[in-house]
Structures are given as C-alpha cells and as structure tokens.
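Below you'll find the structure, written out as structure tokens, and then a few comments.
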Amino acid sequence: MSYLGVGVSPGNVPVYHDTDLKDVGRKVRLAELILRSVVCVLALVSALLVATNTQVQEIFTIQKKAKFTDMKALVFLVVVNAMAAAYSLVQVLRCGLSVVRGSVVLSKPLAWLIFSGDQLMAYLMLAALGAALQSAIFAKFAEPELQWMKVCDMYGKFCNRSGEGVACSAVAWLMMVIVTGISSFSLFRLYGGNKGTKIGAGW
C-alpha cells in the first residue's frame with residue numbers, strides 16, 4: 001500500500017520508491033547543467049576581458065602600453081579562466097548528453113573523476129582570483145613602503161576593465177563552488193544509495 005509515492009513496509013517503515021530518487025537525480029543534473037554553463041560563459045568572458053585589455057598612456061613624451069602580460073597575476077587569471085571555461089564546456093556536454101538520455105546515475109570511478117576535477121578547478125580559480133585581487137589592490141592604493149605607485153591613476157581604463165574581468169571570475173568561482181557541492185552529492189549518494197537499498201531489502 002502506498003500514498004503519494006511512499007510505500008509502507010510491514011514494519012511500518014516508509015520506503016521511497018526509485019522513481020522519487022530518479023526525479024531528484026534529474027533535477028540535480030539539470031541544475032548542474034545550468035550552473036556549469038554559467039561557469040563556462042563567465043570564465044570565458046573574464047579571460048577575454050583581461051586578455052584583450054590594453055591602454056596606451058604617454059608619459060614624458062614616451063608612450064607606454066599597459067597590457068595584461070605586465071602583471072603575472074593577470075596572466076595566471078587568464079590561463080586559469082581559460083582552463084575553467086574549457087573544462088566546464090566538456091562537463092556541459094556530458095551533462096547535456098546525460099539529460100537527453102535520461103541517465104542520472106554515474107559509475108563510481110567517473111563520479112570520483114568529476115569530483116576531483118571540480119575540486120581542483122575550484123581551488124585553481126580561487127588561487128588565481130586571490131592573486132589578481134591582491135595585485136588590483138596594490139595597483140589601486142599603491143604600497144609606499146615598497147615604492148609602488150598608484151598605477152590606476154595613470155591607467156584608469158585598463159584598471160576598470162581588468163576589474164570587470166576579476167568580477168566575472170569571482171562570480172564564476174562562486175558558481176563553481178556550488179557545482180563542487182553537486183558533484184559531492186552525486187558521488188556520495190552512490191554509497192548512501194547502496195546502503196539504503198540493503199536496509200530496505202532487509203525489511
């Protein structure tokens with residue numbers, strides 16, 4: 001006997017049907033697809049904003065061109081965001097194929113691989129973001145003790161566009177953190193699901 005998709009065992013212990021778990025899996029997979037798409041787009045936009053950012057300033061009749069390669073932190077940010085965009089694109093294709101086929105259960109080796117990849121990418125994005133933010137603070141407010149001047153006073157346009165790229169990277173990282181939570185859920189539910197099946201069978 002069942003009510004609202006919940007079966008009742010002889011011991012009066014509610015047992016949820018597999019269809020409920022599959023519905024949850026589909027919703028999780030759809031959410032993952034959307035989030036990974038957002039990460040891919042934002043990481044790509046961030047990389048393009050920073051990599052194509054230049055400004056020429058004339059200082060004492062000498063023209064000086066500012067570009068992202070002048071700051072190693074920005075180079076690191078561009079490389080990591082490009083990696084994140086490519087990685088997310090691959091995962092978007094995988095999630096899209098999974099949604100189309102209707103398969104929601106991953107094998108344990110694949111789940112571990114995705115979980116590890118997401119963790120690695122999230123930490124790389126955090127490291128690149130932290131380095132870029134530190135450099136941005138120095139460029140904006142200077143560091144008199146080290147005789148670093150306020151670069152943004154001379155290259156305002158360059159700093160503003162770089163700031164937009166860093167902001168996109170920050171949002172992409174936040175979305176990636178949520179994705180790592182989903183991949184963790186997808187991984188460990190494989191172990192919890194097996195345990196739950198055994199208990200249900202015992203009843």
Side-chain angles (χ1 to χ4, degrees), residues 2-9 13-50 77-130 132 164-201 203:
S2 63
Y3 300 91
L4 301 177
V6 179
V8 180
S9 69
V13 177
V15 179
Y16 292 89
H17 295 305
D18 291 340
T19 54
D20 296 332
L21 296 177
K22 289 181 179 179
D23 289 339
V24 172
R26 292 190 186 96
K27 292 178 182 179
V28 169
R29 189 69 67 242
L30 182 60
E32 181 183 2
L33 175 62
I34 295 173
L35 287 172
R36 288 190 186 277
S37 299
V38 173
V39 173
C40 181
V41 172
L42 289 178
L44 181 60
V45 169
S46 175
L48 291 176
L49 281 174
V50 177
L77 184 70
V78 170
V79 171
V80 170
N81 276 315
M83 291 172 57
Y87 174 79
S88 296
L89 179 59
V90 173
Q91 294 296 339
V92 165
L93 295 176
R94 178 192 60 79
C95 289
L97 187 61
S98 176
V99 170
V100 171
R101 289 183 174 181
S103 58
V104 296
V105 179
L106 299 173
S107 64
K108 289 182 180 179
L110 179 58
W112 271 109
L113 182 62
I114 295 172
F115 171 76
S116 301
D118 290 345
Q119 292 286 328
L120 176 61
M121 194 55 59
Y123 281 117
L124 281 175
M125 292 176 70
L126 178 61
L129 182 61
E164 294 172 359
V166 172
C168 288
S169 180
V171 178
W173 172 72
L174 289 175
M175 296 298 102
M176 193 65 199
V177 170
I178 300 176
V179 168
T180 58
I182 293 178
S183 62
S184 300
F185 170 78
S186 299
L187 170 62
F188 295 112
R189 75 192 291 255
L190 297 177
Y191 295 91
N194 292 338
K195 182 178 180 181
T197 302
K198 294 178 181 178
I199 294 176
W203 289 101

Exercise: identify the closest heavy-atom pair between G96 and L33: N-CD1, 3.8 Å
statement: Residues Y87 and I114: closest non-hydrogen pair is OH-O, 3.5 Å
message: For V166 versus L77, what's the shortest heavy-atom pair and its separation?
response: CG2-CD2, 4.0 Å
task: First locate atom OG of S88, then atom CZ of R94, and finally report the distance between them rounded to the nearest 0.5 Å.
output: 11.0 Å
- line: d(M176 CE, L124 CG) to nearest 0.5 Å is 10.0 Å
- line: Interatomic distance, NZ@K108 vs CG@L187, rounded to 0.5 Å, equals 9.0 Å
- request: Sequence neighbours left out, what pairs pass side chain to side chain donor-acceptor pair (under 3.5 Å) with at least one residue falling in residues 121-130?
  value: none
- prompt: Closest heavy-atom contact between A84 and A43?
  reply: CB-CB, 4.1 Å
- prompt: C168 and V45: which non-hydrogen atoms are nearest, and at how many Å?
  reply: SG-CG1, 4.0 Å
query: Are the side chain of S169 and the backbone of G165 linked by a donor-acceptor contact shorter than 3.5 Å?
result: no
query: With sequence neighbours left out, which residue pairs that include part of residues 170-185 fulfil the side chain to side chain donor-acceptor pair (under 3.5 Å) condition?
result: D118-S183
message: With side-chain contact (heavy atoms from CB on, under 4.5 Å) as the criterion, how do L44 and N81 come out once you've worked through the C-alpha distance, each side chain's angles and the decisive distance to 0.1 Å?
response: CA-CA 6 Å; L44 181 60; N81 276 315; over 6 Å; no
query: Hey, is the main chain of I182 close enough, under 3.5 Å, to the side chain of S186 for a donor-acceptor pair?
result: yes
message: Show the nearest heavy-atom pair for residues M175 and V38, with the distance to one decimal.
response: CG-CG1, 3.9 Å
From CZ (R36) to CZ (R29), nearest 0.5 Å: 9.0 Å
- request: Measure the spacing between CD1 of I34 and CD1 of I178 and express it to the nearest 0.5 Å.
  value: 12.0 Å
- request: Mind telling me whether Y191 and F188 have parallel, tilted or perpendicular rings, with 30° and 60° as the class edges?
  value: tilted
